[in-house]
Amino acid sequence: MDSVDLLIVGAGALGLACAARLASPARSCLIVEAERLIGSHTSSRNSEVIHAGLYYPPGSLKAELCLEGRERLYAWCRERQVPFARLGKLLVAVEDAERDALERLAGNAQRCGVRDLQALDGTRLRALEPAVRGVAALLSPSTGILDSHAYLQSLLAAAERRGAQLALDSRVERLRHDGRDWIVEGRSGGEAFALRAHCVINAAGPFAQQLAAAIEGLANALVPRLHLCQGRYYSYAGRSPFAHLIYPMPEAHTAGLGIHATLDLGGQLRFGPDVRYLEQIDYQVDGRLAEHFAQAVRRYFPALDATRLAPGYSGIRPKLSGPGEPAADFLIQTSAAHGLPGLVNLFGIESPGLTASLAIAERVAAAL
Ligand SMILES: Cc1cc2nc3c(=O)[nH]c(=O)nc-3n(C[C@H](O)[C@H](O)[C@H](O)COP(=O)(O)OP(=O)(O)OC[C@H]3O[C@@H](n4cnc5c(N)ncnc54)[C@H](O)[C@@H]3O)c2cc1C
């Protein structure tokens with residue numbers, strides 16, 4: 001039976017970041033990916049925003065790893081020629097009634113260690129973004145965007161330079177520990193395979209719970225319930241009226257960030273994501289949502305031309321909290337929690353997972 005030191009299940013941002021961090025000539029590493037392309041799920045279906053870390057509870061993994069990951073990610077992009085732009089983000093209070101919420105967010109960001117936020121009044125907001133309606137705003141200069149596909153390719157290239165191998169179209173179906181190694185079984189290109197791995201990282205994103213259920217000896221009670229939460233985008237044709245990313249106040253009733261405006265590096269403007277809990281993965285975007293999106297966006301962009309909206313794409317947040325529940329943190333589950341040797345499960349890596357990916361990889365490396 002073939003054997004590797006480290007098996008990583010999933011070639012999204014997290015699996016690839018772990019491979020780039022942990023592969024070395026002294027540690028053989030195999031990345032196993034069920035799809036035919038890397039990043040086929042969450043990592044290619046997001047806003048591509050490098051988050052500054054404003055919203056998360058101080059002291060949470062999301063808060064800490066977002067800040068650390070953001071700095072690591074900017075440095076990575078600079079060093080590896082991954083396209084990125086530090087565009088800055090405006091968090092807008094549209095009405096006086098939202099000023100308190102804006103102040104609370106500024107306080108939360110400060111407690112999380114974000115020190116560069118600038119408070120703007122309505123006049124300064126209009127000077128920066130004439131098309132945006134608002135009475136006050138926070139400018140976050142350290143929020144940016146990146147080319148997520150180029151980022152994934154750069155992670156893979158770094159991992160491969162350090163000797164990692166990637167097996168596409170290969171699904172891990174079962175894992176058990178024989179006292180020395182993990183015995184890993186699955187199917188590759190339709191053929192059954194089995195191999196030995198000393199350590200295993202479950203970086204299967206929205207399938208992490210499914211994989212965890214196939215790990216012999218992992219107590220069911222330790223597998224957190226998965227809540228699939230779709231986020232849909234509508235694109236906006238033509239030139240963007242904004243130079244920054246524009247965010248309304250977060251929505252208390254959905255625990256979402258509100259339907260915001262983000263740009264990609266080509267200057268394409270998109271609105272979203274919204275919040276929709278699902279029973280199973282479904283990436284379709286209903287073509288009848290233009291008015292729903294237009295209503296949300298017109299609050300802060302009154303000149304919106306709804307005829308320029310078109311259904312875009314969607315992604316699925318692998319949440320650990322359900323509708324109405326307080327937002328759950330990332331869960332990096334190590335031997336200390338489950339007692340099984342050399343196994344790390346990554347659960348609930350929703351936003352800001354892309355931003356935090358390099359920092360999460362550091363935590364995983366420390367745990368292994
Ligand atoms: C709508 C939306 C917007 C977001 N916006 C942002 C943002 O702007 N900024 C930010 O920082 N974060 C954002 N995120 C979060 C970010 O996209 C994710 O945290 C990150 O991409 C998660 O990566 P991953 O590697 O854990 O999962 P994935 O990218 O889903 O990768 C998991 C991989 O595992 C593979 N796999 C699953 N099971 C198996 C198996 N049994 N065998 C082999 N392979 C398997 C899958 O095929 C998949 O390729 C957003 C997420 C969503 C949904």
Side-chain angles (χ1 to χ4, degrees), residues 7-19 30-53 56 62 65-66 69-70 73 89 143-146 148-149 151-152 155 166-175 184-188 193 200-215 228-233 245 247 256-257 259-260 262-264 270 272-276 278 281 283 285 312-319 330-332 345-361 364:
L7 177 90
I8 298 177
V9 187
L14 272 299
L16 293 171
C18 289
L30 176 66
I31 313 157
V32 176
E33 168 52 53
E35 304 289 349
R36 284 160 197 253
L37 290 171
I38 64 169
S40 296
H41 288 278
T42 328
S43 298
S44 59
R45 302 170 162 278
N46 55 63
S47 302
E48 301 184 293
V49 173
I50 302 177
H51 286 296
Y56 316 110
K62 283 183 178 173
L65 298 175
C66 184
R70 162 193 112 185
L73 186 52
K89 145 175 169 174
T143 303
I145 55 172
L146 84 163
S148 58
H149 301 275
Y151 174 53
L152 297 183
L155 289 171
L166 170 66
L168 294 169
D169 194 13
S170 304
R171 181 180 299 278
V172 172
E173 291 176 336
R174 227 177 353 265
L175 293 118
V184 183
E185 291 173 358
R187 297 194 83 75
S188 183
F193 71 81
V200 174
I201 301 172
N202 170 2
F207 307 94
Q209 276 85 343
Q210 191 182 317
L211 182 66
I215 299 176
L228 299 171
C229 179
Q230 190 186 26
R232 299 169 289 190
Y233 296 85
L245 312 179
Y247 284 58
L257 297 187
I259 292 183
H260 46 269
T262 56
L263 293 158
D264 67 16
R270 60 196 164 204
D274 66 350
V275 173
R276 179 180 182 234
L278 296 175
I281 290 182
Y283 290 122
V285 178
Y313 61 96
S314 85
I316 309 278
R317 307 170 182 92
K319 281 185 177 291
F330 292 155
L331 178 54
I332 302 173
N345 290 310
L346 298 177
F347 293 121
I349 313 295
E350 53 169 326
S351 192
L354 194 61
T355 309
S357 49
L358 294 171
I360 294 174
V364 173

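For the numbers below, each heavy atom of this structure counts, side chains included, while hydrogens, waters and symmetry mates do not. Note that ligands are numbered from 1 as they come in the structure, with each ligand's atoms numbered from 1 the same way.
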Near P206 (heavy-atom distance under 4.0 Å), the atoms of ligand 1 are 30 (O)
Q.
Please check whether T42 reaches ligand 1 - meaning an N/O of the residue sits under 3.5 Å from an N/O of the ligand, judged on distance alone.
A. yes
Smallest heavy-atom separation, E33 atom then E35 atom, equals OE2-N, 2.8 Å
Under 4.0 Å between heavy atoms, the region of V9 that gets near ligand 1 turns out to be side chain
Would A13 count as a contact of ligand 1 if the rule is a heavy atom under 4.0 Å away? yes
Review point. What do the steps show when you test I50 against L354 for side chain to side chain contact (heavy atoms under 4.5 Å, CB included), and what is the final call?
Key: CA-CA 8 Å; I50 302 177; L354 194 61; over 6 Å; no
Within the 4.0 Å heavy-atom cut-off, what C66 brings close to ligand 1 is neither
So the atoms of ligand 1 within less than 4.0 Å of a heavy atom of E48 turn out to be 8 (O)
Atom 17 (O) of ligand 1 sits nearest the protein heavy atom N46 ND2, 3.1 Å
Exercise for the section: For the pair S47 and Y233, evaluate side-chain hydrogen bond (donor to acceptor under 3.5 Å, both in side chains) and give the outcome as yes or no after the intermediate values. Expected result: CA-CA 9 Å; S47 302; Y233 296 85; 2.6 Å; yes
In ligand 1, the atoms that come under 4.0 Å of a heavy atom of E350 are 15 (C), 19 (O)
protein heavy-atom neighbour closest to atom 18 (C) of ligand 1 works out as I349 O, 3.5 Å
Distance-only donor-acceptor check, side chains T143 and Y247, under 3.5 Å
no
Tightest non-hydrogen contact, residues H41 and Y283, listed as ND1-OH, 2.7 Å
Heavy-atom closest pair (L228 atom, I281 atom, distance to 0.1 Å) is CD1-N, 3.7 Å
shortest atom 23 (O) of ligand 1-to-protein heavy-atom contact is with S43 OG, 3.1 Å
Measuring only between side-chain heavy atoms, which start at C-beta, is L358 closer than 4.5 Å to Y151? yes
Original post:
Below 4.5 Å, heavy atoms only, C-beta onward: do L245 and I145 meet side chain to side chain?
Top reply: yes
Numbered in order shown, the ligand 1 atoms found under 4.0 Å of a heavy atom of V49 are 7 (C), 8 (O), 9 (N), 10 (C), 11 (O)
The answer for which part of P318 has a heavy atom under 4.0 Å from ligand 1 is neither
Within 4.0 Å of some non-hydrogen atom of T355, the atoms of ligand 1 are 9 (N), 10 (C), 11 (O)
- Message: Less than 4.5 Å apart, side chain to side chain, heavy atoms only: is that true for L65 and T355?
- Response: no
So for ligand 1, is E33 a polar contact partner (N or O within less than 3.5 Å, distance only)? yes
Notebook entry, point to check: Should L14 be counted as touching ligand 1, given the test is an N or O pair under 3.5 Å?
Noted result: yes
Atom 7 (C) of ligand 1: of H51, R317, Q210, the nearest heavy atom sits on H51
Checking V200, V172, D169 against V32 for side chain to side chain contact (heavy atoms under 4.5 Å, CB included), the one that qualifies is V172
For this session: Assess A17 for proximity to ligand 1: is some non-hydrogen atom of it under 4.0 Å away?
Result: no
Note: I38, heavy atoms under 4.0 Å from ligand 1, region reported as neither
Closest heavy-atom pair, F330 versus S351, reported as atoms and distance to 0.1 Å, is CE2-O, 4.3 Å
of all protein heavy atoms, closest to atom 34 (O) of ligand 1 is G10 CA, 3.2 Å
| field | Salt-bridge criterion met for E350 and R317 (N-O under 4.0 Å) | value | no
Under 4.0 Å between heavy atoms, the region of R45 that gets near ligand 1 turns out to be backbone
re atom 42 (N) of ligand 1, the protein heavy-atom contact at minimum distance is V172 N, 3.0 Å
Among non-hydrogen protein atoms, atom 13 (C) of ligand 1 lies closest to S351 OG, 3.4 Å
If you scan protein heavy atoms around atom 31 (O) of ligand 1, the nearest is G12 CA, 3.5 Å
Heavy atoms of S148 and E48 approach each other most closely as OG-OE2, 2.7 Å
Nearest heavy-atom approach of A19 to I31 is CB-CD1, 3.6 Å
Looking only at protein heavy atoms, what sits closest to atom 16 (C) of ligand 1 is L354 N, 3.7 Å
E35 heavy atoms within 4.0 Å reach ligand 1 at atoms 47 (O)
Is any side-chain heavy atom of L211 closer than 4.5 Å to a side-chain heavy atom of N345?
-> no
